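What follows is a set of notes on a single structure, which appears directly below.
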Amino acid sequence: MFVLAPEMTNAPAGALSAGQALAAQDPKTAKRAVAARSNGRLLDLSAPAAPEAELQPVLPGEPAALEVLRHSTAHIMAEAVRALFPGVKVAIGPAIQDGFYYDFAYERPFTPEDLPAIEAKMAQIIKGNQPFQADSWDRQRAREFFAGRGEQFKVELIDDLSEERVGIYRQGDFVDLCRGPHLPSTGRVGAFKLLSVAGAYWRGDEKRPMLSRIYGTAFFDKKELARHLALIEEAKKRDHRKLGRELELFSFHEEIGAGLVVWHPRGMILRTIIEDLERREHLRRGYDMVSGPQLLKRELWERSGHFDNYRENMYFTQVDEVAYGIKPMNCLAHMLIYKSKVRSYRDLPLRYFELGLVHRHEKSGVVHGLTRVRAFTQDDAHILCRPDQVEEEILGVMDFVTDVMALFGFDYTLELSTRPEKSIGSDQDWERATEALSKALQASGREYEINEGDGAFYGPKIDVKLTDALKRSWQCATIQCDFTLPERFDLHYVDADGGHKRPVMLHRVILGSIERFIGVLIEHYGGAFPLWLAPEQVRVLTVTNRADDWARRVQQALKEAGIRAEADLRNEKLGAKVREAQLMKVPYMAILGDREVEERRLTARLLSGQNLPAQGIKDFIAHLKQEATEPLMRLRRQEASKPGV
RNA sequence: GCCGGCGUAGCUCAGGGGUAGAGCAGCUGAUUCGUAAUCAGCAGGUCCUCGGUUCAAAUCCGAGCGCCGGCUCCA
């Protein structure tokens with residue numbers, strides 16, 4: 001049994017702890033506090049309060065409090081696991097976005113069947129309301145302590161720390177290396193649930209041991225937990241893999257292969273709508289449409305650096321003794337188009353756009369629905385420009401992104417990724433490219449984060465992460481700055497002074513992968529697409545077969561007006577037809593019974609269940625046309641009709 | 001690729017060493033019925049694939065393929 005150290009960091013006798021200091025300010029609030037904040041740093045309530053420092057309570061409701069709670073719950077889980085599974089070694093257990101996890105090494109991996117017992121033990125620990133006691137040891141002592149327990153992961157963590165003294169937390173007989181802070185006691189955990197188990201490499205490195213990870217989440221009260229679990233349920237309902245099958249959009253087949261999408265009629269029309277919009281918008285913004293082949297000689301991939309840096313993601317084949325590679329990116333053909341004639345500085349920028357199908361060999365464990373596939377279509381473009389045009393071009397792309405994200409109702413965040421370990425090009429080029437991107441980011445006035453070492457192998461990039469209706473984030477658009485490929489392919493233009501200069505290349509996508517984007521869209525809208533995207537916009541429903549003739553005429557009139565309309569003339573009750581149209585999330589039903597036949601009208605029903613007053617075909621079409629105008633088009637029309645334009 | 005779970009009818013799922021079941025969907029018939037399921041009958045399966053154990057395998061074992069949750073990677 002572990003005995004408490006004499007050098008506790010708890011407030012020494014006579015001095016005020018942070019909790020006591022807060023209580024002196026406002027006893028009621030101090031009771032609710034889970035930690036304290038002093039000069040922006042989080043402290044345990046038991047920590048000594050520096051008398052001159054400003055002290056604020058960290059209260060339930062703010063993100064930092066949830067983080068403390070979840071981190072503490074991770075410790076409680078570790079205590080429970082140690083108690084239930086003797087010999088288990090603990091690794092790390094942080095709070096994460098929606099909960100927490102803890103990694104363990106045990107003689108066997110944990111399974112979902114283990115979770116109820118761990119939960120029960122945790123509930124017991126929480127009921128025991130043990131205090132979290134903070135301490136600070138010198139590293140040697142901590143190292144010996146954990147080494148003595150056989151906790152080799154903790155020893156490794158201590159060895160990597162530079163501080164002379166390390167934080168130690170204890171609750172019950174569980175002692176952990178930890179920065180803190182923690183809840184005052186285990187009883188403050190209001191509600192928690194263990195969610196899943198998974199394998200995870202020690203420190204995320206596939207060459208190191210595979211540990212057994214348990215995920216869970218925690219909240220201050222049961223209602224919040226229930227709300228969170230309901231959100232997980234909602235996400236399951238919106239899962240694009242499920243909706244894709246139910247709405248007959250696409251399918252996957254074991255016979256075809258993992259990560260290879262088959263588009264059905266309803267999914268293909270959705271793609272076509274989006275792709276048409278893309279073509280139109282790219283042409284409007286000064287891009288040219290181009291297209292390259294699927295198969296290019298391996299030699300070319302060697303020249304571009306893809307063979308050295310991207311080979312494990314590529315498929316290769318041989319044709320008449322010559323080695324070929326299937327394209328994982330579209331840039332090579334675009335560069336050869338550029339090279340096909342002498343370019344003047346006046347020609348630049350050149351913007352080559354291709355809806356290009358690329359194949360990438362993803363590891364078998366990572367393919368996932370439409371969001372991670374092995375063949376996908378990029379709305380790809382390569383902008384070749386003069387160095388002095390780079391910033392403006394990047395801003396142009398960002399403007400494009402802003403418009404398109406608004407069109408679908410997505411919010412987004414920006415990230416700048418810098419040079420990775422595996423990369424080509426000179427330090428100077430990387431510096432110039434990174435500089436160009438960050439200048440454009442600053443000029444855009446939007447905030448952004450920096451991801452060190454996360455760039456493409458040929459250049460740094462700006463990633464756009466959109467946020468969907470369920471507040472999840474997805475990477476779609478990316479802008480990459482490349483000084484290297486123009487070099488390798490010896491691209492140049494004739495400058496004003498007659499000299500040959502090197503153009504800069506920007507790789508960029510707006511939606512990224514059409515497949516992934518549609519997957520995201522399906523979940524964003526929960527399958528209920530806005531009228532302009534809906535594969536089937538109207539379903540004509542008859543009450544009895546006396547309305548069949550009128551129904552056929554209505555459907556035909558709608559089709560002639562360019563509306564995607566189907567008719568359900570089956571000998572079924574209206575309720576059954578409504579139900580099916582509802583399940584397929586068809587935005588409008590046109591209901592025809594004896595009354596409508598008599599008056600040559602129709603009654604429109606919305607997905608919400610609301611009925612519009614009976615109306616004639618012309619009025620209905622006008623109504624649909626108005627609503628179905630794709631929003632960007634509507635915007636353009638408004639702009640065009642402004643006086644003085 | 002790695003760790004764990006899983007693969008039974010088109011879909012959702014039950015069964016679990018003695019030769020396969022339900023609901024929905026499909027087909028046929030009856031019903032003409034106004035806003036989320038009309039009734040009845042019929043048909044539908046190499047129980048993912050290959051190999052092994054066994055008198056006997058959908059069931060147990062091994063390998064492969066695929067799916068799911070993660071790690072890693074990324075559009």
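Predicted, not measured: the structure shown is a model, and the values here were computed from it. Numbers restart at 1 for each chain; the letters A, B, ... are given by sequence-line order, proteins then strands.
With a 3.5 Å ceiling on both atom-pair distances, the Watson-Crick or G-U wobble partner of B/C24 is B/G10. With a cut-off of 3.5 Å on both Watson-Crick or G-U wobble distances, the partner of B/G1 is given as B/C71. Both distances falling under 3.5 Å, in either a Watson-Crick or a G-U wobble arrangement, place B/C39 opposite B/G29. Summarising the base pairing, B/G45 is matched to no nucleotide, lacking a Watson-Crick or G-U wobble pair whose two defining distances lie under 3.5 Å. The nucleotide B/A58 finds no pairing partner, because no Watson-Crick or G-U wobble arrangement with both distances shorter than 3.5 Å includes it. Under the Watson-Crick or G-U wobble criterion, with both distances below 3.5 Å, B/G16 is left unpaired in every strand shown.
When the nearest nucleotides of RNA chain B are assigned to A/Glu572 and A/Pro109 by heavy-atom distance, the more 5′-ward of the two goes with A/Pro109.
Straight-line distance between the P atoms of B/C13 and B/A56: roughly 34 Å, to the nearest whole Å. Comparing the same atom, C1', in B/G18 and in B/A58 gives a spacing of 13 Å after rounding to whole Å. Distance check on atom C1': B/G70 versus B/C27 gives 44 Å, rounded to whole Å. Atom P of B/C65 sits at a distance of 36 Å from the matching atom of B/G26, rounded to the whole Å. Between B/A14 and B/C74, the two C1' atoms lie 40 Å apart (nearest whole Å). As rounded to the nearest Å, B/G69 and B/C24 have P atoms that lie 30 Å from one another. Comparing the same atom, C1', in B/U54 and in B/C11 gives a spacing of 35 Å after rounding to whole Å. Only the P atoms considered, B/C68 is 23 Å distant from B/C60, to the nearest whole Å.
Under the ring pair (Phe, Tyr, Trp, His ring centres under 6.0 Å) criterion, A/Phe376 pairs with no residue, sequence neighbours left out. A/Ala198 pairs by the side chain to side chain contact (heavy atoms under 4.5 Å, CB included) definition with A/Tyr215, not counting sequence neighbours.
Within 6.0 Å of atom CZ in A/Arg446, more than 12 heavy atoms from other residues, nucleotides or ligands are found, so the atom counts as buried in its surroundings. Heavy-atom neighbours of A/Lys193 NZ from other residues, nucleotides or ligands within 6.0 Å: at or below the threshold of 12.
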Practice problem: Going 5' to 3' through nucleotides 62-75 of chain B, assign each nucleotide B (protein heavy atom under 4.0 Å from a base atom), S (under 4.0 Å only from sugar-phosphate atoms) or - (no protein heavy atom that close). | Solution: ---BSSSBBBBBBB
Practice problem: Check step by step if ring pair (Phe, Tyr, Trp, His ring centres under 6.0 Å) holds for A/Tyr102 and A/Phe100. | Solution: CA-CA 7 Å; A/Tyr102 214 114; A/Phe100 62 86; 8.9 Å; no
Quiz item: Between A/Lys327 and A/Glu354, is a salt bridge (Lys or Arg N to Asp or Glu O under 4.0 Å) present by the stated rule, with each step listed?
Solution: CA-CA 13 Å; A/Lys327 69 172 177 182; A/Glu354 173 172 6; 2.9 Å; yes
Quiz item: Do A/Tyr310 and A/Tyr458 pass the side chain to side chain contact (heavy atoms under 4.5 Å, CB included) test, and can you show the C-alpha distance, the side-chain angles, and the key distance before you say yes or no?
Solution: CA-CA 11 Å; A/Tyr310 207 71; A/Tyr458 47 75; over 6 Å; no
Quiz item: salt bridge (Lys or Arg N to Asp or Glu O under 4.0 Å) between A/Glu449 and A/Lys465: does it pass, once the steps are laid out?
Solution: CA-CA 11 Å; A/Glu449 277 176 41; A/Lys465 297 214 161 145; over 6 Å; no
Quiz prompt | ring pair (Phe, Tyr, Trp, His ring centres under 6.0 Å) between A/His382 and A/Tyr352, worked out | solution = CA-CA 5 Å; A/His382 294 93; A/Tyr352 295 137; 8.7 Å; no
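Looking only at atom types and distance, the side chain of A/Arg605 has a donor-acceptor partner in the side chain of A/Gln582 under 3.5 Å away. Side-chain contact, A/Arg271 with A/Thr377: a donor N or O sits under 3.5 Å from an acceptor N or O.
Taking every heavy atom of residues 574-583 of chain A and every atom of RNA chain B, pairs under 4.0 Å involve A/Leu574, A/Gly575, A/Ala576, A/Val578, A/Arg579, A/Gln582, A/Leu583, by number. Applying a 4.0 Å cut-off to non-hydrogen atoms, the residues of residues 595-614 of chain A that approach RNA chain B are A/Arg595, A/Glu596, A/Thr603, A/Arg605, A/Asn611, listed by residue number.
Looking at A/His507 and A/Lys461, their side chains never come closer than 4.5 Å, going by heavy atoms from C-beta outward. No side-chain heavy atom of A/Phe252 sits under 4.5 Å from any side-chain heavy atom of A/Val367.
Ion pair A/Lys236/A/Asp239 not flagged as a salt bridge, since none of the NZ, NE, NH1 or NH2 atoms sits closer than 4.0 Å to an Asp/Glu carboxylate oxygen. Remark: A/Glu598 does not engage A/Arg595 in a salt bridge, criterion side-chain N to carboxylate O under 4.0 Å.
Atom CG of A/Asp568 is separated from atom P of B/A25 by 13 Å (rounded to the nearest Å). Nucleotide B/G5 holds its C1' atom 12 Å from the CG atom of A/Leu115, rounded to whole Å. Distance, A/Glu255 CD to B/C50 P: 14 Å, rounded to whole Å.
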Taking only N/O atoms, report every protein-nucleotides 8-15 of chain B pair under 3.5 Å with atom names and distance.
{"unit_1": "B/U12", "atom_1": "OP1", "unit_2": "A/Arg245", "atom_2": "NH2", "d": "2.9"}

